[in-house]
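A short write-up of the structure that comes next.
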Number of protein chains: 2
Amino acid sequence: MEPSSREKILEVAEARFAQRGFAGVGMREVAQAAGLGKSSLFHHFESKAALYVAVLERVVERIEGHVLPTLSLGGNVAGRLDAAVDALVDSLGEHPTTARLLLRTLVEDDQLGSEPAGLVAAEARVHSLINAFVGLLREGAGTNELRAAAPAHAVQALIGAAVYHFASGDFGDAVLGRPVFSAESVASYRHELKQLLRSGLLSPSRAPKENLPS
Amino acid sequence: MEPSSREKILEVAEARFAQRGFAGVGMREVAQAAGLGKSSLFHHFESKAALYVAVLERVVERIEGHVLPTLSLGGNVAGRLDAAVDALVDSLGEHPTTARLLLRTLVEDDQLGSEPAGLVAAEARVHSLINAFVGLLREGAGTNELRAAAPAHAVQALIGAAVYHFASGDFGDAVLGRPVFSAESVASYRHELKQLLRSGLLSPSRAPKENLPS
DNA sequence: GTCTATAGCTAGATAGAC
DNA sequence: GTCTATCTAGCTATAGAC
């Protein structure tokens, strides 16, 4: 079946908001790309800010759909962390605009004047996901399965590594020498990120004590 | 001595571009914050895009000022990587808008219509810095000092972890429970990021072989 | 649910006095 | 080097016919 107008609008709006941000996109442009007149767009979404929030909610749902199920798994912390990281990477690697929109939410304040209904809720859901990662690391540190790191800092690094990579567009393609969103690249990054979290970069043969200065 | 108009403009423009992006900031707003009329601003910068490029150039210089000197150091790869990561973190932690502007450059395409002079050059300088990190990791993999990772993917993770953290604003403050840019937080993150790159998250006592599934 | 028409405003940029 | 005044074009949003 062909998509409803509402779905078509969300689709093109997501692509454009991801590329140029809230302020950089006009309602006229979105309407045209969706094959509608501008006024018809305001029939489906009462304001530009409401459209943005609707786009953001879809993105958050996409990520939650992957990550939430992994949080109720059993097993040791390392295994659950692996599963959660896999899910996060998959959710970002699956759709080329997810990471960019998430990053904008994390990094930009304001943008939409006079916070519209739903924005705070969407941000809270992102916060909740982040807190799940922090809790996991804290648990691992408590049971001594992970080293006594600063869990909040490690989670910041993890989020940055995961989200930035899939938001890096042309820059990322140039660094990799191939498309970030190719199936092989996504699989490689999933592996590489878990490996980095597990045991860093040093060769196992030289790991880790003899390289620690003090 | 008090700052020239040009310096004052660059200062306020950087703060606003970092917060809301190129399209989200008006010349009127910048002028007012700099204590000038809008037309005076166009006397100093021939267009909004030219102003943005000037802001970006300052940011790139700030990062180069920290990182470039570390690239000519001697010693083993792990030591040089530590020095480069320290420099990167310091350059981002020193000024609260550096990371956000760098992130926008890495993540956003287009924005400024019909690329103004200097933009391509600034992007090339960022590329060159990234390539230095890739080269360092490649060298370490060649001498077996680092495990045979995918250097490009590892660098993507490193950049994301470093840049995102200092761009994460209120979200980062909430995750940490204290300001991202406090002196202690910057020092902690510098340490944590190096530690993560060196040996990951697992406890040294359980590291790394016995946790690898295959 | 889609359209045309338009209101009301702000944007980037320019002209020219001082 | 700063200003006021102005141009053109874009914006979000609304009114109301069909």
Side-chain angles (χ1 to χ4, degrees), chain A residues 1-56 101 104 108-119, chain B residues 1-56 101 104 108-119:
Chain A
M1 70 182 184
E2 58 185 50
S4 68
S5 286
R6 191 187 156 89
E7 281 164 354
K8 182 73 183 166
I9 293 167
L10 286 169
E11 206 172 294
V12 303
E14 177 170 341
R16 274 152 184 85
F17 281 140
Q19 196 166 34
R20 295 198 301 283
F22 178 76
V25 178
M27 292 296 261
R28 182 198 182 119
E29 176 192 352
V30 173
Q32 198 164 336
L36 288 171
K38 191 175 52 169
S39 299
S40 307
L41 211 155
F42 280 95
H43 172 79
H44 293 277
F45 300 94
E46 69 172 350
S47 70
K48 185 185 176 184
L51 171 59
Y52 188 86
V53 170
V55 167
L56 184 61
L101 276 161
R104 288 189 190 281
E108 298 182 345
D109 319 316
D110 297 54
Q111 292 284 76
L112 344 181
S114 70
E115 319 215 316
L119 176 63
Chain B
M1 70 182 186
E2 60 185 50
S4 68
S5 285
R6 191 187 157 88
E7 281 163 355
K8 181 74 182 167
I9 293 167
L10 286 169
E11 206 172 294
V12 303
E14 177 171 341
R16 275 155 183 81
F17 282 140
Q19 198 167 31
R20 295 199 299 284
F22 179 74
V25 178
M27 293 296 261
R28 182 197 180 120
E29 176 193 352
V30 173
Q32 196 164 336
L36 288 170
K38 189 175 55 167
S39 299
S40 307
L41 212 156
F42 280 94
H43 173 78
H44 293 279
F45 301 93
E46 69 172 351
S47 70
K48 185 185 177 185
L51 171 59
Y52 188 85
V53 170
V55 166
L56 183 62
L101 277 161
R104 288 189 189 281
E108 298 180 346
D109 318 316
D110 298 53
Q111 290 284 73
L112 345 180
S114 69
E115 318 214 317
L119 176 64

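Note on naming: letters A, B, ... go to the chains in the order of the sequence lines (proteins, then strands), and numbering restarts at 1 for each one.
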**OP:** Indicate the atoms forming the closest heavy-atom contact of B/V53 with B/P116, along with that distance.
**Re:** CG2-CG, 3.6 Å
Original post:
Considering all heavy atoms of both residues, which atom of A/V55 and which atom of A/A13 are nearest to each other, and what is their separation?
Top reply: CG2-CB, 3.9 Å
Subject >> Interface with DNA chain D, restricted to residues 46-53 of chain A and to heavy atoms under 4.0 Å >> reply: A/S47, A/K48
Original post:
Which of residues 15-29 of chain A sit near DNA chain D, with a heavy atom under 4.0 Å from it?
Top reply: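 By residue number: A/V25, A/G26, A/M27, A/R28.
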With 3.5 Å as the limit, what N/O pairs link the protein to nucleotides 5-8 of chain C?
residue, atom, partner, partner atom, Å
C/dA5, N6, A/S39, OG, 3.2

Subject >> Sequence neighbours excluded - salt bridge (Lys or Arg N to Asp or Glu O under 4.0 Å) pairs with any residue from residues 6-15 of chain B >> reply: B/E14-B/R58, B/E14-B/R62
Subject >> Covered region of DNA chain D, 5' end to 3' end, by chain B [heavy atoms, under 4.0 Å] >> reply: D/dG1 to D/dA5
Original post:
At what distance, to the nearest 0.5 angstrom, does CD1 of A/I9 lie from CG of A/L41?
Top reply: 4.5 Å
Give the table of side-chain donor-acceptor pairs shorter than 3.5 Å for residues 16-30 of chain B, with sequence neighbours excluded, one pair per line with atom names and distance.
residue, atom, partner, partner atom, Å
B/R16, NE, B/E29, OE2, 3.2
B/R20, NE, B/G24, O, 3.4
B/R20, NH2, B/E29, OE1, 2.8
B/R20, NH2, B/E29, OE2, 2.3

Taking only residues two or more places apart in sequence, or in another chain, which ones meet [X] in a side chain to side chain contact (heavy atoms under 4.5 Å, CB included)?
X	result
A/E46	A/A50
B/S5	B/L36, B/H44
A/A54	A/L10, A/F45

